[in-house]
Amino acid sequence: MSTIRNLSLFADLAVGNLPANILAAARALAIHLARSRPLDRRLVAEVMTTAFGASDAEGGWTWRDAYDAIEGATVLQIRRLAPQIARLEDAPAEIAALLAAVSALGLTHSRRSEEQVALDQFSTPPQLAALAVLASQVRPGDLVLEPSAGTGLLAVVAEACGASLTLNELAPTRAALLDGLFAKATRRRHDGRHLPDLLGDAGAFDVVVCNPPFSDLQAHLIASVKVLADGGRMAAIVPLTALADTDLRRVLEGHGVMVAAVAFPARAFAKHGTSVETGLLVMDRGGTAVWDGLLHQPEDLEATARILASLPNRGTARPRVRLTLDAAAFLAPRDRGLALPAGRLAFLAGATPLAYEARPWAGEGRDVGLYQAHALARIVLPDPRPHPSPLVESGPMASVAPPAPTYRPVLPPAVLNQGRISDAQTETVIYAGEAHAAFLPGRFRLGEAPHEVALVRDDQSEAFAFRRGFFLGDGTGCGKGRQIAAIVADNMSQGRVRAVWLSRNDALLEDARRDWGAIGGGAHDIVPLSSWKQGDGVRLDRGILFTTYATLRQPARGVRPSRLDQIVAWLGEDFDGVIAFDEAHAMANAAGGGKGARGTKKASLQGMAGLALQNRLPNARILYVSATGATTAENLAYAARLGLWGGPEAPFMSRADFLDAMDRGGVAAMELVARELKALGLYVARSLSFEGVEYEPLVHPLTPDDVGVWDQWADAFQLIHANLAEALKATGLSDEAGKPKSAMAASAVHSAFEGAKLRFFGHLLAGLKAPSLIASI
C-alpha cells in the first residue's frame, strides 16, 4: 500500500506552483467554512495533501502554506457574506461579531517560517479588518490602497463595502495568491515604503487601510499618508506602543492630521500567531478632523466599533446612504446585523422594452445530419447577434412552428446594447415572458399534502389559479444560466425585484453569479439561503436568493419552520416574480410511481418540496431548466405549470394518467409531448451543432507502474468482495448460513459496494491517463 501512496499524480506538478496549489486548497476549505464547519488540523491536512499530491511529512507543503490556504478560504467566505458586510456602517458591532465567528473557524497559527519573520507577516483578523474599514468610512466607488495586502483579509472587507482596490504585496507567493483571489483588483509588487514614487496614481487614493510591517513602521506609515488624496484617510494597524510614541506621532503629523488612536482588545492577534498588543492609528491628509488627544482603550469589539463609528467624516467621503428596514425597532440584534441593504441592481437603470417584429413561420431550416440548423422562427430582431456557436434542433422539433409572440421584455442597457445575450437566448426571454403572462385554465386548492392540489369550482372559496410556466431544455453550451439571468433581469426591470434560483448543489452558486455578472449584474446580488440559519428571517430587501434542492427539502425542526416556509415568508404568498428551477431533473419522480430496478419508486423528497413551493406561490413565474427534462416521464412529473394534467382543458386528468400514458408510449410519446409544448410556446430545446467537428483519439500507453497500481487495487477489491459475505454476518444482515435476513438490505449493501468500486476505478483510470492528457494540452 505504501507503494501506491507514493505514486502521486500531482507531486511533480506542485514544484514551482505553490500559489496555485494553495489557492486550490483555499477553494476546497471555503466549502467547509460556508457550512460553518471548524477547520481542524486533520481536515486541513487532508485538503492540503490532496491539493499538493503529497503530505507535509513528504515535503509537499508546510503548515505556513496551510495557514495561507485557510486565510484564502476566509477571503472567499467573507466575499460570500459581502451583502451583510456592506452594512458595516449601519451595524458595525454585529458585522465585527459575524467576522469574528468566521475567523474562529480557522486554526490558531502555531508555526512560523523564516520569510514570515523577515517580512513581518501577521495577517489581519477579519474582525479587526472591519474596524479599520469602518474607521476609514469606505463607501462604494472609493479608491482604496492596501500597501502590504498579504492574503487579502483587509482588502476583502473594503471590497465588500464597494471599494475599487489597488493591492500591493512584495512576497512572491502571497502576491501570486492575490492574483487568484482578486482578479479584478489592480495589483502591484513593490516595497511599500517606495509606493509614493512607484505608483502612477499616488496622491489619488481616498483611503489606505494597512497592517504594515512593525519592523520599519515609520517609513511605511509615511508612505501610506503620502499616497492619499487631499482629504483622504489612512487607518493603520500598529503596535500599541506606537500609539503612545510621541516622537513617532510628531513625525507623522508633518505629513497628515491625527484623527484617532484606539487600542484593540487584548490578544487580538493571538489566533494569527503573535501576542503583541495592537491598536488602530487613524490619520487624514489635510482636512478638518480634530483629534481628542486620547488613547481610547475599549474593553471589547462592540465598544471599539462604537468609538470608530463616531469618527468625523473624512474630506473625500462620499455621502452615506443610511438604510432603514421595516420592523427595525423590534428586530433581534442578530437579525439587524444580518439585514441586507437595498439599492443594488444598479445595472437595471435605464432598462427599456425590446423592439422586435413577429413574422410568419418559414418552415424548418437546412439539414445538418439528423438535425436542423436553428434560426429564429417567428421573431426578427433589429440588431441580430448570432449565438457564438451554431445551434441545432432535432428534426421533429424543428418541424413544429411556435406561436407568434407579443410579449416585450424590458432589458437593461448592457443586455440590449452590448450583446450580452445571443438571438437564441433572447428568443427564450421573449417566450418565457409570453408564457408567464397567462394563467392555466381552472381553479385549484391545496390538497391534504402540500405537494398536492385539487381542481375545484371557480366560485369556491380559497380557490386560486396557477400562472403558466416555461421549460428551457437547451443542451450543454447553449448558455442556460445566462438565459435564467436575463429572464430574472427582465422581471426585476419591471419591479419584481426578488427572485429565487434553485440548483443542484452549493458549488453552482459561483456559476449562477458568473452568469448574472455576464449580463451586467453584481455577484453580490445573488445571496445563498445558507447565509441565514433555519428559522431566521431572510433580511434581503431585493436580489436573488440562491438555494439547493437538498436545502429546500429540510423539514421544520421543533419551533423552527422549514426552509420552504422560510422562503415563502420572504417572498410573500402573493409573490409574482421568478422562481428558476435550474437542473430541474434533480426533482425527478416528484409524484412517485416510476419503475426502477427494485420495483416502483417512492416520490422523491426534493420533487415533493419543489411541487410544494410551486403550490404555495401560485402567482410566481416558474422557469424549469434542464437539458434532460423531456427524456423520461418522471423527469416531467414536477412540471405542474405546463398544463399537461389536472386542469379542465388539460390532455390528462391527473399526473398519474400522464405518467401511465408516457410509460406505455415510450420515447415516441415523450417526443410528441415536447413538440406540443413547443407549439404552445412553453418549451425550447436547442443543442450545439457539431457540424464540421473532427475527433482524434488520444492513446495513453500504460507504464509498468500503471499496471502495478491497477493490479494492486484489483487485488484489494477482490479481497473485499470475497469477504463481503462475512461482513454481512458480522453486521447481522445475514444468518450463519450466509442467507440474507433482508433481501432489500443485502441488495443495498452490494449496490453500495459495486457503486463505490466503479467510481474508484473510474477515478483511478482518469488519474493514470492524466500525464498523456496534460502533455497533449
Side-chain angles (χ1 to χ4, degrees), residues 62-65 67-68 71 108-126 128-129 131-132 135-136 145-155 166-178 187-199 202 205 208-228 234-256 258 261-283 295:
T62 69
W63 277 99
R64 287 306 314 171
D65 300 328
Y67 298 151
D68 282 350
E71 291 178 9
T108 297
H109 298 195
S110 57
R111 306 189 190 187
R112 297 184 178 184
S113 67
E114 292 182 5
E115 180 189 64
Q116 179 195 11
V117 174
L119 297 179
D120 213 0
Q121 294 174 335
F122 295 95
S123 299
T124 309
L128 302 188
L131 297 177
S136 305
L145 169 67
E146 225 282 55
S148 47
T151 55
L153 288 173
L154 245 174
T166 296
L167 306 181
N168 181 72
E169 174 56 42
L170 183 61
T173 300
R174 287 188 157 195
L177 185 60
L178 290 174
R187 301 178 302 281
R188 298 289 182 263
R189 301 188 180 191
H190 304 304
D191 186 326
R193 295 171 295 185
H194 305 312
L195 292 182
D197 301 317
L198 297 175
L199 290 183
F205 291 101
V208 172
V209 286
C210 57
N211 176 9
F214 292 178
S215 56
D216 194 2
L217 183 65
Q218 179 175 302
H220 282 275
L221 292 177
I222 291 173
S224 295
V225 175
K226 283 185 174 181
V227 299
L228 287 169
M234 175 193 72
I237 295 171
V238 298
L240 189 58
T241 54
L243 294 179
D245 187 338
T246 55
D247 292 335
L248 174 63
R249 189 171 69 245
R250 189 177 302 113
V251 172
L252 294 176
E253 286 177 336
H255 303 276
M258 282 286 294
V262 182
F264 286 142
R267 297 182 55 79
F269 271 78
K271 198 168 185 68
H272 284 234
T274 179
S275 58
V276 173
E277 299 300 342
T278 55
L280 191 68
L281 174 68
V282 185
M283 294 192 70
L295 170 56

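Just the heavy atoms: all of them, side chains too, but no hydrogens, waters or symmetry mates, feed the values below.
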| message | One pair to check against side chain to side chain contact (heavy atoms under 4.5 Å, CB included): Met234 and Val227. What are the steps and the verdict? | response | CA-CA 10 Å; Met234 175 193 72; Val227 299; over 6 Å; no

Output the distance between atom [atom1] ([X]) and atom [atom2] ([Y]), rounded to the nearest 0.5 Å.
X	Y	atom1	atom2	result
Leu248	Leu281	CG	CG	7.5 Å
Phe269	Leu128	CZ	CG	5.5 Å
His194	Leu170	NE2	CG	9.5 Å
Thr166	Arg187	OG1	CZ	10.5 Å
Asp245	Leu243	CG	CG	9.5 Å
Glu71	Thr124	CD	OG1	9.0 Å

If we only count heavy atoms from C-beta on, is the [X] to [Y] side-chain gap below 4.5 Å?
X	Y	answer
Arg267	Glu277	yes
Leu252	Ile222	yes
Asp191	His220	yes
Leu195	Phe205	no
Leu199	Leu145	yes
Thr151	Tyr67	no
Asn211	Leu153	no

Between [X] and [Y], which heavy-atom pair has the shortest distance, and what is it?
X	Y	answer
Val209	Ser136	CG1-OG, 3.3 Å
Ala135	Leu280	CB-CD2, 3.7 Å
Glu253	Met258	OE2-CG, 3.4 Å
Leu240	Ala263	CD1-CB, 3.5 Å
Ala223	Gly192	CB-O, 3.5 Å
Asp216	Arg193	OD2-NH1, 2.7 Å

| By side chain to side chain donor-acceptor pair (under 3.5 Å), which residues pair with Ser224, not counting sequence neighbours? | none

| task | Indicate whether the side chain of Arg174 and that of Ser123 have a donor and an acceptor atom separated by less than 3.5 Å. | result |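 Looking only at side-chain atoms, Ser123 and Arg174 do form a donor-acceptor pair, the distance falling under 3.5 Å.
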
